[in-house]
Amino acid sequence: MILGDYHTHTVFSHGKDEIIDNVVAAKNAGLKQVAISDHGLGHIAFGVRRKEIAEMRRQIDNAQEQHPEIKVMLGIEANLRSFDGSIDMRPEEDGYFDVILAGYHKFIWAKNVKEAFTYVIGSMWRNKFGYSKKYLQKYTDAYVKAIKSGRIDVITHLNYGVKTDVKQVAQAAKDYGVILELNGKRISMTDEEVMEVVNVGPKLIVNSDAHSADRVGDFSVPMGLVERLGIDKKLIVNWDDVPKFKNRKK
Ligand SMILES: [Zn+2]
Ligand SMILES: [Zn+2]
């Protein structure tokens with residue numbers, strides 16, 4: 001079974017419930033580990049504020065003390081915010097987090113004004129009217145550069161909001177030991193794309209992406225996909241096991 005949920009939101013971004021509620025829900029779901037991973041600092045409406053990080057850590061420590069039978073981690077779902085593959089926090093801030101996830105989201109502060117148009121608004125335009133080869137490669141390169149940066153543990157919901165050549169992303173993930181997520185809310189790849197990823201063979205992780213405590217530990221969407229496509233569970237780092245994330249100093 002899946003032993004940990006590493007992508008759950010709380011009131012620190014736009015989740016419904018408190019950190020402690022997610023922890024209790026994870027414990028009740030029989031999980032051994034849970035991470036609180038709210039939206040990154042560059043999310044326009046509901047990203048974590050820098051000044052809130054210390055308070056989140058305090059609540060995590062508290063929850064950990066109350067519930068020693070489950071390991072509680074502080075994560076972040078950082079935003080990929082540029083064609084250069086950068087994320088919306090400074091490298092010296094990485095050490096605040098036990099796990100760093102990163103994904104593409106629409107409502108973010110792009111790296112600069114130009115990229116607000118070419119990268120963010122451009123993706124919405126292209127989702128409607130199609131991707132040129134050049135831009136498909138530019139978005140693919142953004143993911144590959146982010147993976148090669150060595151800062152990220154998990155790429156969330158690949159191809160949500162923006163298209164990439166998933167084979168290239170999967171190859172980079174495999175080469176650099178970054179884990180690709182099968183998201184609990186939606187799979188944004190076609191079955192063919194999922195199988196392209198699987199055939200390359202990077203590590204995968206199954207997460208709920210819960211925005212309320214009652215969805216923590218709900219893996220029905222990604223596990224339904226795993227069963228339907230016959231994906232080898234040995235690729236899934238949190239199946240009957242717990243993953244190893246990068247070592248960051250606190
Ligand atoms: Zn997300
Ligand atoms: Zn999320």
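In what follows, every heavy atom counts, from backbone to side chain, and hydrogens, waters and symmetry copies are set aside. The shown structure was predicted, so the numbers you read here are calculated from the model rather than taken from an experiment.
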Can K111 and D84 be counted as an ion pair, charged N to O under 4.0 angstrom? yes
Can you list the steps and then say if V198 with D232 is a side-chain contact (heavy atoms from CB on, under 4.5 Å)? CA-CA 8 Å; V198 167; D232 185 354; 6.0 Å; no
Cluster overlap L229 with L182, hydrophobic side-chain contacts below 4.5 Å: yes
Specify the closest pair of heavy atoms between I152 and A102, including all atoms of both residues, with the distance to one decimal. CD1-CB, 3.8 Å
Are any side-chain N or O atoms of K32 and backbone N or O atoms of V242, one a donor and one an acceptor, separated by less than 3.5 Å? no
Side chain of R228, backbone of G224: donor and acceptor closer than 3.5 Å? no
Nearest heavy-atom pair of A110 and A116: which atoms, and what distance? CB-N, 3.5 Å
Nearest heavy-atom neighbours spanning G42 and D88: N-OD2, 2.5 Å
In Å and rounded to the nearest 0.5 Å, what is the CG to CD1 distance from N199 to I231? 10.0 Å
Please work out whether the ring planes of H39 and H14 are parallel, tilted or perpendicular, with thresholds of 30° and 60°. tilted
Residue of the set I19, I60, D61, V99 for which side chain to side chain contact (heavy atoms under 4.5 Å, CB included) holds with L74: I60
Supply the atom-to-atom distance I76 CD1 to S37 OG, rounded to the nearest 0.5 angstrom. 8.5 Å
In plain terms, say whether R81 and E115 are close enough for a salt bridge, that is, a side-chain N and a carboxylate O under 4.0 Å apart. no
Kindly indicate, with the supporting measurements, whether the criterion side-chain contact (heavy atoms from CB on, under 4.5 Å) is fulfilled by V34 and M73. CA-CA 6 Å; V34 65; M73 302 174 181; over 6 Å; no
Hey, quick one: are L204 and I100 part of the same hydrophobic cluster, counting side-chain heavy atoms closer than 4.5 Å, chains of contacts allowed? yes
If we ignore hydrogens and angles and just use 3.5 Å, is the side chain of N22 paired with the main-chain N or O of S212 as donor and acceptor? no
Spell out, as yes or no, whether a donor-acceptor pair under 3.5 Å connects the side chain of Q64 to the backbone of I70. yes
Can a donor-acceptor pair be found, under 3.5 Å and without considering hydrogens, that links the side chain of S86 to the backbone of S82? no
D191 versus L225, closest heavy-atom pair with distance: OD1-CD1, 4.0 Å
Stepwise, does the side-chain contact (heavy atoms from CB on, under 4.5 Å) test hold for Q168 with Q137? CA-CA 9 Å; Q168 290 182 46; Q137 191 59 48; 2.9 Å; yes
What verdict does the side-chain hydrogen bond (donor to acceptor under 3.5 Å, both in side chains) test give for T164 and N159, after you've listed the backbone C-alpha separation in whole Å, the side-chain angles of each residue and the deciding distance to 0.1 Å? CA-CA 6 Å; T164 62; N159 272 18; 2.7 Å; yes
Is any side-chain heavy atom of T8 closer than 4.5 Å to one of S208? yes
Side-chain donor or acceptor of N207 paired with backbone N/O of G184 under 3.5 Å: no
I want to check something: taking the side chain as every heavy atom from C-beta on, are N183 and V221 in contact at a cut-off of under 4.5 Å? no
Can you tell me how the ring of Y160 sits relative to the ring of H105, calling it parallel under 30°, perpendicular over 60° and tilted otherwise? perpendicular
What closest approach, in Å, do E193 and M189 show between heavy atoms, and which atom pair accounts for it? OE1-CA, 3.3 Å
Is there a side-chain contact between I147 and I155 (heavy atoms, below 4.5 Å)? yes
Kindly compute the distance separating CZ (F219) from CE (M1), expressed to the nearest 0.5 Å. 8.0 Å
Just so I know, are the side chains of F46 and D38 near enough to count as touching, which here means a heavy-atom distance under 4.5 Å? no
Pair H9, E77: side-chain N/O donor-acceptor within cut-off below 3.5 Å: yes
Please state whether the rings of H7 and H157 are parallel, tilted or perpendicular, taking 30° and 60° as the class boundaries. tilted
Separation of R151 CZ from D94 CG (nearest 0.5 Å): 4.0 Å
So, N62 and Q66: side-chain donor and acceptor under 3.5 Å apart, yes or no? no
Verify whether the ring centers belonging to Y143 and Y104 lie closer than 6.0 Å. no
Please tell me whether Y119 and Y135 form a close aromatic pair, meaning their ring centres lie under 6.0 Å apart. no
Are any of the side-chain heavy atoms of V197 and L180 separated by less than 4.5 Å? yes
Do F97 and V154 sit in one hydrophobic cluster, given that two such residues count as connected whenever their side-chain heavy atoms are within less than 4.5 Å of each other, even indirectly? no
Is D98 paired with R57 through a side-chain N to carboxylate O contact shorter than 4.0 Å? yes
Within the side chain of Y131, is there an N or O that forms a donor-acceptor pair under 3.5 Å with the backbone of K163? yes
Can you tell me how far the OG1 atom of T10 sits from the CG atom of D21, to the nearest 0.5 Å? 9.5 Å
Are side-chain heavy atoms of V178 and P202 found at a separation under 4.5 Å? no
Side-chain contact, heavy-atom cut-off 4.5 Å: I20 with H67? yes
With distance as the sole test, does N238 use its side chain to make a donor-acceptor pair with the main-chain N or O of D240 at under 3.5 Å? no
Is any side-chain heavy atom of V206 closer than 4.5 Å to a side-chain heavy atom of P222? yes
Counting distance only, does the side-chain N/O of D241 pair as donor-acceptor with the main-chain N or O of V237 below 3.5 Å? no
Of all heavy-atom pairs between W239 and M223, which one has the smallest distance, and what is that distance? CZ3-CE, 3.4 Å
Under the side-chain contact (heavy atoms from CB on, under 4.5 Å) criterion, do K203 and K174 qualify, and how do the steps go? CA-CA 7 Å; K203 293 185 204 157; K174 186 179 180 186; over 6 Å; no
Under 3.5 Å: donor-acceptor pair, side chain of D153, backbone of F245: no
Around atom CD of E65, are there more than 12 heavy atoms from other residues, nucleotides or ligands closer than 6.0 Å? no
Atom pair CG/NZ of L31 and K71 - distance to nearest 0.5 Å: 14.0 Å
Please determine if R49 and E52 form a salt bridge, counting it only when a charged side-chain N lies under 4.0 Å from a carboxylate O. no
Under 4.0 Å between a side-chain nitrogen and a carboxylate oxygen: does that hold for R215 and D209? no
Within one Ile-Leu-Val-Met-Phe-Trp-Tyr cluster: L101 and Y96, side-chain cutoff 4.5 Å: no
Shared hydrophobic cluster, V48 / L80 (ILVMFWY, side-chain heavy atoms < 4.5 Å): yes
In this structure, are over 12 heavy atoms from other groups packed under 6.0 Å from K185 atom NZ? yes
